[in-house]
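Here is the structure we will look at.
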Amino acid sequence: MEIKRLLGTEARTIFGLKSANFTIEKGDNITFKVIGYGHGVGLSQTGADAMAKQGSSYRDILKHFYTGTEILTLE
């Protein structure tokens, strides 16, 4: 049996999932448990909205979802 590894975004496209945020349950069948409705770039719109409603700035939200990034002002 050949094993094929897929990125979450590849599995999302192949299986028509609503998000790349999923878990797999194996039994008699394989079941994808999908969380959210994503666009595949790493930012949860629901999570960002909740953070904004709790007073987080756009900078805080972006840094939360895109860790290790730096936000600069270009002149």
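Side chains are part of it too, since the values below use all heavy atoms of this structure and drop only hydrogens, waters and symmetry mates.
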Taking everything shown except I71 itself, do over 12 heavy atoms lie less than 6.0 Å from its CD1?
-> yes
Answer yes or no: does atom CG of L72 have more than 12 heavy-atom neighbours from other residues, nucleotides or ligands under 6.0 Å?
-> yes
Can you name the residues that form a side chain to side chain contact (heavy atoms under 4.5 Å, CB included) with [X], not counting sequence neighbours?
X   : answer
F65 : L43, S44, A48, M51, I61
K33 : T23, E25, T31
I14 : L6
D60 : S56, S57

From CZ (R12) to NZ (K18), nearest 0.5 Å | 11.0 Å
The salt bridge (charged side-chain N to carboxylate O under 4.0 Å, His left out) partners of K4 (sequence neighbours excluded) come to none
Where the side chain of S19 meets the backbone of V34, is there a donor-acceptor pair that is under 3.5 Å apart?
-> no
ring-ring contact (aromatic ring centres under 6.0 Å, His included) partners for F15, two or more places apart = F32
